[in-house]
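This chain uses plain numbering: 1 for the first residue, then up along the sequence.
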Amino acid sequence: MSNDTPAKETATPTRGAGCEDHNRLLDEFGVSVQELLKLHEHQFLAIVDGDPECNRFDILIHMANERKHQAKYAYLRHVESHGCSNINAFDKTRT
């Protein structure tokens, strides 16, 4: 996600009205995935540039991955307990 990346790639998808917790948790999961991807990109660019300290991203990537997992499972727990997911949204992400 470099500075020339179009904004639409990081925009939150439009969702209809529904459970506020569902939408919030899904948004939090999306943000955590984006943060992880940005760190991977920064590390990749550091490697390409020959940065001898490119491994400094490893702990940041690990921590971001933990946040992503926490957000993912918080979302999944909510969907399972509350039953408010939109199954069609999942089907669209698999194509």
Side-chain angles (χ1 to χ4, degrees):
M1 312 274 168
S2 61
N3 292 338
D4 59 347
T5 302
K8 68 179 183 176
E9 288 184 23
T10 59
T12 303
T14 304
R15 288 189 292 279
C19 175
E20 288 182 29
D21 285 335
H22 175 269
N23 293 339
R24 178 184 53 79
L25 290 167
L26 187 58
D27 288 343
E28 289 174 6
F29 176 53
V31 166
S32 68
V33 169
Q34 289 175 353
E35 289 173 354
L36 181 59
L37 289 171
K38 285 178 187 178
L39 286 169
H40 277 292
E41 180 182 20
H42 289 304
Q43 184 178 45
F44 173 74
L45 293 173
I47 291 168
V48 169
D49 288 343
D51 184 341
E53 296 179 11
C54 59
N55 62 343
R56 69 184 179 277
F57 290 98
D58 290 344
I59 189 70
L60 298 172
I61 289 170
H62 174 77
M63 292 166 45
N65 205 30
E66 290 294 319
R67 287 190 298 274
K68 182 196 76 149
H69 283 281
Q70 290 171 355
K72 173 184 173 181
Y73 290 110
Y75 171 73
L76 292 175
R77 277 191 305 274
H78 175 78
V79 167
E80 186 176 310
S81 67
H82 198 245
C84 61
S85 72
N86 180 354
I87 298 301
N88 293 331
F90 290 117
D91 291 340
K92 289 177 185 175
T93 62
R94 294 182 182 167
T95 59

Asks: Ignoring hydrogens, what is the shortest heavy-atom contact between Leu25 and Ala74? Give both atom names and the distance.
Replies: CD1-O, 3.8 Å
Asks: Given Tyr75, which of Glu28, His22, Arg24, Glu80 fulfils the side-chain contact (heavy atoms from CB on, under 4.5 Å) condition?
Replies: His22
Asks: Counting only N and O atoms by type, is there a donor-acceptor contact under 3.5 Å from the side chain of Gln43 to the main-chain atoms of Asn55?
Replies: no
Asks: Rounded to the nearest 0.5 Å, what separation is found between the NZ atom of Lys68 and the CD atom of Glu66?
Replies: 10.0 Å
Asks: Linking I/L/V/M/F/W/Y whenever their side-chain heavy atoms sit closer than 4.5 Å, directly or via other members, would Leu76 and Leu26 fall into one cluster?
Replies: yes
Asks: So, for Leu39 and Ile61, which heavy atoms are closest and what is the spacing to 0.1 Å?
Replies: CB-CG1, 3.8 Å
Asks: Quick check: closest heavy atoms across Ala46 and Arg56, and the distance to 0.1 Å?
Replies: CB-NH2, 4.5 Å
Asks: If two hydrophobic side chains count as joined below 4.5 Å and joins carry through other members, does Tyr73 share a cluster with Val79?
Replies: yes
Asks: From Lys72 NZ over to Asn65 CG, what is the distance, rounded to the nearest 0.5 angstrom?
Replies: 9.5 Å
Asks: Give, for atom CG of Leu60 and atom CG of Leu36, the distance between the pair rounded to the nearest 0.5 Å.
Replies: 11.0 Å
Asks: As an exercise, state the distance from CD of Gln70 to CZ of Phe29, rounded to the nearest 0.5 Å.
Replies: 12.5 Å
